[in-house]
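A short write-up of the structure that comes next.
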Amino acid sequence: MKEKISVLLTEEEIKARIKQLGEDISRDYAGKELILIGILKGGVYFLTDLSRAIDDSVDVRLDFMQASSYGDEKCTSGVIRIMKDCDLDIKDKHVMVVEDIIDSGRTLSRLLVVLGDRKPASLRLCTLLDKPARREIEVDVDYVGFEIEDKYVVGLGLDSAQQYRNLSYIGVVEE
């Protein structure tokens, strides 16, 4: 049985905010090379849109990592697994991790330590959604699309047991 989904953020709101984030990043990294590391699977939608919103004053490279504490469940297991590491050498490079959502902070805090140990010139974090009410481990988020309440959300890459990633809006799963 499919869950009922109510719209939290429209496609138009999301596009406008991503455009603004792209302008901010373009200004902050003008004339530099920037490696965007998207966190799979959900982050690929946001990464794609964000990378196109960054203007050509920035030399953008893309890479990916895959880590999870959820699997096919709706609640975190608390165990972080890195299933795919990035391929590019990030030593002395400007790096930005691009995530779809930050809630507990567990996964991102571990990834940031792993990446920081590789000695990038800078390491920053950009997320489409920030859910600070669920934070268990603090992470510094440099670019935030939207701060949201503690609701279970889907769409634009976010899933419920691998469903709803393809929605063009962010929706709340009604229990």
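Numbers here simply count residues along the sequence, with the first being 1.
Looking only at side-chain heavy atoms (C-beta outward), L111 and I82 come within less than 4.5 Å of each other.
Among V60, L88, D59, the single residue meeting the side-chain contact (heavy atoms from CB on, under 4.5 Å) criterion with I35 is L88.
Atom CZ of F64 sits about 5.0 Å away from atom CG of L47, to the nearest 0.5 Å. Taking SG from C86 and CG from L62, the interatomic distance works out to 12.5 Å, rounded to the nearest 0.5 Å.
Shown here for V144 and L21, the closest heavy-atom pair between the two residues is O-CD2, 3.9 Å.
Inspection of the R165 and Y45 side chains reveals no N or O donor paired with an N or O acceptor under 3.5 Å. There is no side-chain donor-acceptor pair under 3.5 Å between E99 and T127. A side-chain donor-acceptor contact under 3.5 Å links E11 and S168. No donor-acceptor contact under 3.5 angstrom links the side chains of E13 and Y169, judged on distance only.
Judged by distance alone, with hydrogens and angles left aside, the side-chain atoms of K131 form a donor-acceptor pair with the main-chain N or O of K151 at under 3.5 Å. No donor-acceptor pair closer than 3.5 Å links the side chain of D92 to the backbone N or O of P120. In this structure, the side chain of R17 engages the main chain of G145 through a donor-acceptor pair within 3.5 Å. At least one donor-acceptor pair under 3.5 Å links the side chain of R135 to the backbone N or O of D103.
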Practice item. Check the pair D85, R118 against salt bridge (Lys or Arg N to Asp or Glu O under 4.0 Å), reporting the backbone distance first and the verdict last. Key: CA-CA 12 Å; D85 205 341; R118 296 174 188 176; 2.6 Å; yes

Review point. Could you go step by step and tell me if D63 and L36 meet the side-chain contact (heavy atoms from CB on, under 4.5 Å) rule?
Key: CA-CA 6 Å; D63 207 341; L36 300 177; over 6 Å; no

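At a threshold of 4.0 Å, the pair R52-D55 does not count as salt-bridged, since none of the basic side-chain nitrogens sits closer than that to a carboxylate oxygen. With salt bridges taken as basic N to acidic carboxylate O contacts below 4.0 Å, one links E33 and R61.
In K19, the NZ atom is not crowded: 12 or fewer heavy atoms of neighbouring residues, nucleotides or ligands sit closer than 6.0 Å. Counting heavy-atom neighbours within 6.0 Å of D140 CG, excluding the residue itself, gives a total of 12 or less.
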